[in-house]
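Keep in mind that this is a model prediction, so the values were computed, not measured.
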Amino acid sequence: MSHQPERDPVSGQITTGHEWNGIKELNSPVPKVVFAALVLGAIYLVISTILLPAWPGITGYTRGLLGVDQRDTVNREVEQARMARSQWTDLINGQPLEESLADSALMDIVRETGSTLFIDNCAACHGTEGTGGPGFPDIAEGRLAWGDDVETIHETIRVGINSSHPETRFAQMLAFGRDGMLPRADIVALTGHVLGLSDPQAQTDPAVAETFAFNCASCHGEDARGVTDFGAPDLTDPYWTFGGDRDAVFSSIFNGRAGHMPHWEDRLSETETRLLALYVHDMRTPVQ
Ligand code: HEC
Ligand code: HEC
């Protein structure tokens with residue numbers, strides 16, 4: 001049965017002969033722009049299939065003539081970052097900390113990396129600026145009880161103070177009142193004396209000074225400026241771990257004190273504790 005193409009009377013175009021509810025479809029050609037886009041797209045596909053990684057196979061994929069590989073690129077970038085990191089971690093681990101302090105490029109990295117480490121691990125007790133709070137010493141200012149040099153700071157971080165580390169530092173302020181070593185009146189007098197040590201206007205009572213020399217100087221020093229071997233703090237400066245008001249100082253002498261600084265050897269890597277020692281030393285206001 002032959003079928004005569006039908007011409008649409010309005011547009012004058014041939015129809016496809018299909019009809020839906022009285023509407024007939026014109027057999028118009030694909031517009032040139034669309035056709036051109038399709039052809040260009042096909043050409044691009046063929047060329048990129050040849051040049052770039054394209055088709056998956058059983059054991060791999062077609063790699064393309066250009067040899068572009070995102071995985072290689074990522075691996076290369078990761079390797080470069082690792083090299084850059086290992087260069088400065090090698091320096092921190094390989095040379096004495098004193099030398100690292102003198103390396104300003106390295107210290108820039110320490111300031112950047114150390115700040116995150118310090119905030120994550122230390123700021124809860126020592127504050128974000130290291131200035132401490134009640135029961136937690138200011139480690140940014142004043143003389144440190146165990147010593148200010150960077151190796152000492154590193155050791156304190158590593159083993160802690162009164163901690164569960166087998167090599168921990170021990171700091172023990174004796175309970176002169178509670179353990180009956182001194183009468184209450186002496187402790188009241190010593191409280192005034194200790195408060196006076198950081199006040200240039202204060203008068204020293206020779207009798208109380210003698211009580212201090214006899215009972216306290218062995219740990220805190222004749223000049224009361226602290227002895228780092230015992231972790232006994234400087235009592236002449238304005239920085240107090242346990243408070244510098246009359247009640248707090250009285251309580252320090254009457255009841256004793258033993259602060260607890262955790263050890264970090266198990267929790268942080270050697271690189272991290274060394275980095276933190278550099279960071280803490282760097283954050284400190286130099287002591288005259
Ligand atoms: C759980 C609270 C706590 C955390 C966390 C903590 N510390 Fe301490 N830290 C202390 C206390 C308390 C002392 C003082 C111990 C004492 O009084 O004998 C101290 C003492 C120190 C000292 C010695 C101060 C001196 O006078 O010699 C340094 C240095 C120090 N901390 C650094 C750090 C660093 C660095 C971190 C983070 C890795 C850290 N601490 C985390 C509580 C803490
Ligand atoms: C056995 C050594 C030792 C003797 C003796 C000693 N102290 Fe201490 N004292 C310490 C240590 C160590 C600390 C720090 C404790 C800590 O931080 O855990 C300390 C802390 C203190 C503090 C608190 C300081 C602060 O920053 O809050 C005061 C005050 C003090 N001593 C006064 C005295 C007086 C006064 C005497 C004499 C009656 C005395 N000490 C005798 C070792 C000693």
Pairing donors with acceptors under 3.5 angstrom, does anything connect the side chains of Ser251 and Asn255? yes
Contacts of His260 that satisfy ring-ring contact (aromatic ring centres under 6.0 Å, His included) - sequence neighbours left out: none
Taking it one step at a time, do Asp8 and Lys24 satisfy salt bridge (charged side-chain N to carboxylate O under 4.0 Å, His left out)? CA-CA 8 Å; Asp8 172 47; Lys24 287 179 180 170; over 6 Å; no
Test side chain to side chain donor-acceptor pair (under 3.5 Å) applied to Arg274 - qualifying residues, sequence neighbours left out: none
Residues in ring-ring contact (aromatic ring centres under 6.0 Å, His included) with Phe118, at least two apart? Tyr279
Which residues pass the ring-ring contact (aromatic ring centres under 6.0 Å, His included) test with His281, sequence neighbours left out? none
Asn93: what forms a side chain to side chain donor-acceptor pair (under 3.5 Å) with it, not counting sequence neighbours? Thr271
By the rule that ILVMFWY residues connect when side-chain heavy atoms come within less than 4.5 angstrom, directly or transitively, which residues belong alongside Phe35? Val30, Val34, Leu38, Val39, Ile43, Val46, Ile47, Ile50, Leu51, Leu52, Leu65, Leu66, Val68
Joining Ile, Leu, Val, Met, Phe, Trp and Tyr whenever any side-chain heavy atoms lie under 4.5 Å apart, the cluster holding Leu40 also takes in none
Any residue meeting side chain to side chain contact (heavy atoms under 4.5 Å, CB included) with Thr285, in chain and number order, not counting sequence neighbours: Glu141
Quick check: do Asp108 and Arg111 have side-chain heavy atoms less than 4.5 Å from each other? yes
Summary of side-chain hydrogen bond (donor to acceptor under 3.5 Å, both in side chains) pairs that have at least one residue in residues 217-239, sequence neighbours excluded: Arg143-Asp234, Asp234-Thr236
Atom pair CZ/CD of Arg7 and Gln13 - distance to nearest 0.5 Å: 8.5 Å
CD/Glu99: more than 12 non-hydrogen atoms of other groups inside 6.0 Å: yes
Side chain of Thr16, backbone of His18: donor and acceptor closer than 3.5 Å? yes
Tell me which pairs pass side-chain hydrogen bond (donor to acceptor under 3.5 Å, both in side chains) where either residue lies in residues 153-170, with sequence neighbours left out. His154-Thr273, Glu155-Arg158, Thr156-Arg169, Arg158-Glu167, Arg158-Glu265, Ser163-Thr168, Ser164-His263, His165-Glu265
Apart from Val194 itself, which Ile, Leu, Val, Met, Phe, Trp or Tyr residues share its cluster (side-chain heavy atoms under 4.5 Å, direct or through members)? Met173, Leu174, Phe176, Met181, Leu182, Ile187, Val188, Leu190, Leu195, Leu197, Val208, Phe212, Leu235, Trp240, Val249, Phe250, Ile253, Phe254
Under 4.5 Å side-chain linkage, directly or through intermediates, the cluster mates of Ile58: none
Full working for salt bridge (charged side-chain N to carboxylate O under 4.0 Å, His left out) between Glu79 and Arg82: CA-CA 5 Å; Glu79 179 61 11; Arg82 203 188 60 79; 3.4 Å; yes
Ignoring hydrogens and angles, state whether a donor on the side chain of Ser100 or Asp103 is under 3.5 Å from an acceptor on the partner side chain. no
Measuring from atom CG of Leu26 to atom CD of Glu6, what distance do you get when rounded to the nearest 0.5 angstrom? 10.5 Å
